[in-house]
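One structure is given below, encoded as structure tokens.
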Amino acid sequence: MIAVLKRETTQEQKLHLLTWLKSMGLDVHVSEGEEITVLGLIGDTSRVDMELLSSLEIVETVKRVSEPFKQANRVFHPEDTVVQIGEAMIGGGHFAMIAGPCSVESEQQIIEVAQAVKAAGAHILRGGAFKPRTSPYAFQGLKDEGIRMLLEAKKATGLPIITEIMNVRSLDLFEDVDIIQVGARNMQNFDLLQELGKTDKPILLKRGLANTLQELLMSAEYIMSEGNENIILCERGIRTYEHYTRNTLDLSAVPVLHELTHLPVVVDPSHATGKASLVPSMTAAAVAAGADGIMVEVHNNPSRALCDGAQSLTPEQFASVSQQVQRIREVLA
Ligand code: PEP
Ligand code: MN
């Protein structure tokens with residue numbers, strides 16, 4: 001349930017109302033916009049007398065929120081959430097380019113790629129240290145050593161870093177990581193989501209291979225319900241019967257999510273297509289669709305990559321994609 005307060009409401013009246021609502025065992029999420037204040041009531045709202053609440057002098061409107069996601073819902077928080085990572089910002093008109101290899105392979109490799117993507121305009125460096133691979137015999141990532149190397153690359157370039165967590169047990173290793181990624185395969189690992197909700201780290205939550213947008217938002221809700229509102233959603237393609245591409249990029253997810261939620265939305269055209277040749281056009285389409293950022297795999301030698309070489313751009317290709325992104329953003333502005 002939400003209650004929109006009248007503009008002229010004083011702090012004292014607001015506090016009075018909050019105390020009353022909380023006395024009914026509800027959590028109240030307050031969203032103070034420039035124009036209006038929205039109170040999001042969370043919990044068992046069946047005990048709230050809607051008529052009584054609507055009749056209060058300071059209350060403009062009261063509405064039941066039918067969707068099961070509450071804190072992620074745009075009606076609870078009409079303004080866009082902006083996630084800040086160092087100097088980078090994502091959401092509310094701020095756009096970020098995240099680039100780097102699928103996996104960290106050596107200190108030299110990650111520093112070289114970091115320098116190249118930074119020079120081409122990337123704001124955040126990606127690199128997997130823990131890799132969720134379909135085969136247990138495939139390269140599983142350098143794990144804690146990989147995180148150490150990412151931190152070296154951060155030191156060398158000043159770029160904030162994002163890397164994927166696979167289970168709660170390794171959370172301590174992520175202390176200096178700027179954004180924790182929850183991969184597609186873990187989107188519904190509810191224990192992990194709840195633990196991440198207890199941290200104050202920005203979380204990039206990827207859509208699962210076969211998950212609906214409502215399920216993605218319910219997973220965001222798991223994190224938010226524990227107190228962490230710093231969430232970036234990521235569309236990375238879903239499973240369909242089409243096999244030419246690795247997944248099918250659901251670009252309509254971008255405007256749909258913008259309608260449903262205030263959380264920023266980025267697109268990963270690399271995992272969505274699985275082919276480097278398709279990444280530039282799908283990146284352009286994602287930007288045109290209103291994405292708040294893109295996440296692209298870049299490798300200094302894609303043919304020798306230990307993971308996802310076929311979908312990785314060279315630094316030169318990324319530089320040209322980056323210029324194209326700037327041009328499209330200028331047209332949209
Ligand atoms: C990744 O970003 O390296 C990754 C494994 O992505 P996804 O979870 O989307 O497959
Ligand atoms: Mn990958």
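Every number for a ligand or one of its atoms is a count from 1 in the order of the listing.
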Identify the closest protein heavy atom to [atom]: which residue and atom is it, and at what distance?
atom	result
atom 8 (O) of ligand 1	Ala184 N, 2.8 Å
atom 5 (C) of ligand 1	Glu164 OE1, 3.6 Å
atom 9 (O) of ligand 1	Arg236 NE, 2.6 Å
atom 4 (C) of ligand 1	His271 NE2, 3.5 Å

Original post:
So, does Gln181 sit close enough to ligand 1 that a heavy atom of it is under 4.0 Å from the ligand?
Top reply: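 So Gln181 counts as touching ligand 1.
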
Looking only at side chains, do [X] and [Y] share a donor and an acceptor under 3.5 Å apart?
X	Y	value
Glu297	His271	yes
His299	Glu105	yes
Ser106	Gln109	no

**OP:** Could you say whether the N/O atoms of Lys206 and ligand 1 ever approach to under 3.5 Å?
**Re:**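 Min N/O separation from ligand 1 is below 3.5 Å for Lys206.
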
Subject >> Asp268-ligand 1 polar pair, N/O distance under 3.5 Å >> reply: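 Not met; the criterion fails.
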
**OP:** Give a yes or no on whether Arg64 atom CZ has more than 12 heavy-atom contacts from other residues, nucleotides or ligands under 6.0 Å away.
**Re:**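 Check passes, neighbour count above 12.
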
Original post:
Is it true that atom NZ of Lys63 has more than 12 heavy atoms of other residues, nucleotides or ligands lying nearer than 6.0 Å?
Top reply: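 Count not over threshold, so no.
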
Subject >> Glu152 vs Lys155 side-chain heavy atoms within contact, under 4.5 Å >> reply: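 Side-chain contact under 4.5 Å: yes.
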
Original post:
Any side-chain heavy-atom pair from Asp176 and Lys154 closer than 4.5 angstrom?
Top reply: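 Asp176 does not reach Lys154 side chain to side chain.
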
Original post:
What protein N/O/S atoms lie closer than 2.8 Å to the Mn ion (ligand 2)?
Top reply: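 Within the sphere that stays under 2.8 Å of the Mn ion (ligand 2), the protein atoms of type N, O or S are Cys102 SG, His271 NE2, Glu297 OE2, Asp308 OD2.
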
Against heavy atoms of [X], which atoms of ligand 1 measure under 4.0 Å?
X	answer
Arg126	1 (C), 2 (O), 3 (O)
Glu297	3 (O)
Gly183	8 (O)

Original post:
Got a sec, which residues hit side chain to side chain donor-acceptor pair (under 3.5 Å) with Ser303, two or more places apart in sequence or on another chain?
Top reply: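 Only Asn301 meet the side chain to side chain donor-acceptor pair (under 3.5 Å) criterion with Ser303.
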
**OP:** Output all residues satisfying ring-ring contact (aromatic ring centres under 6.0 Å, His included) with Phe318, sequence neighbours left out; order by chain, then residue number.
**Re:**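 None.
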
Original post:
Counting heavy atoms only, which of Lys131, Arg246, Arg207 comes nearest to atom 3 (O) of ligand 1?
Top reply: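 It is Lys131 that holds the nearest heavy atom.
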
Subject >> Qualifying salt bridge (charged side-chain N to carboxylate O under 4.0 Å, His left out) pairs with a residue from residues 1-12, counting only residues at least two apart or across chains >> reply: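 Every pair satisfying salt bridge (charged side-chain N to carboxylate O under 4.0 Å, His left out) with a residue in residues 1-12: Arg7-Glu35.
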
Original post:
Salt bridge between Arg327 and Glu330, side-chain N to carboxylate O under 4.0 Å?
Top reply: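 Salt bridge flag = no for Glu330 with Arg327.
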
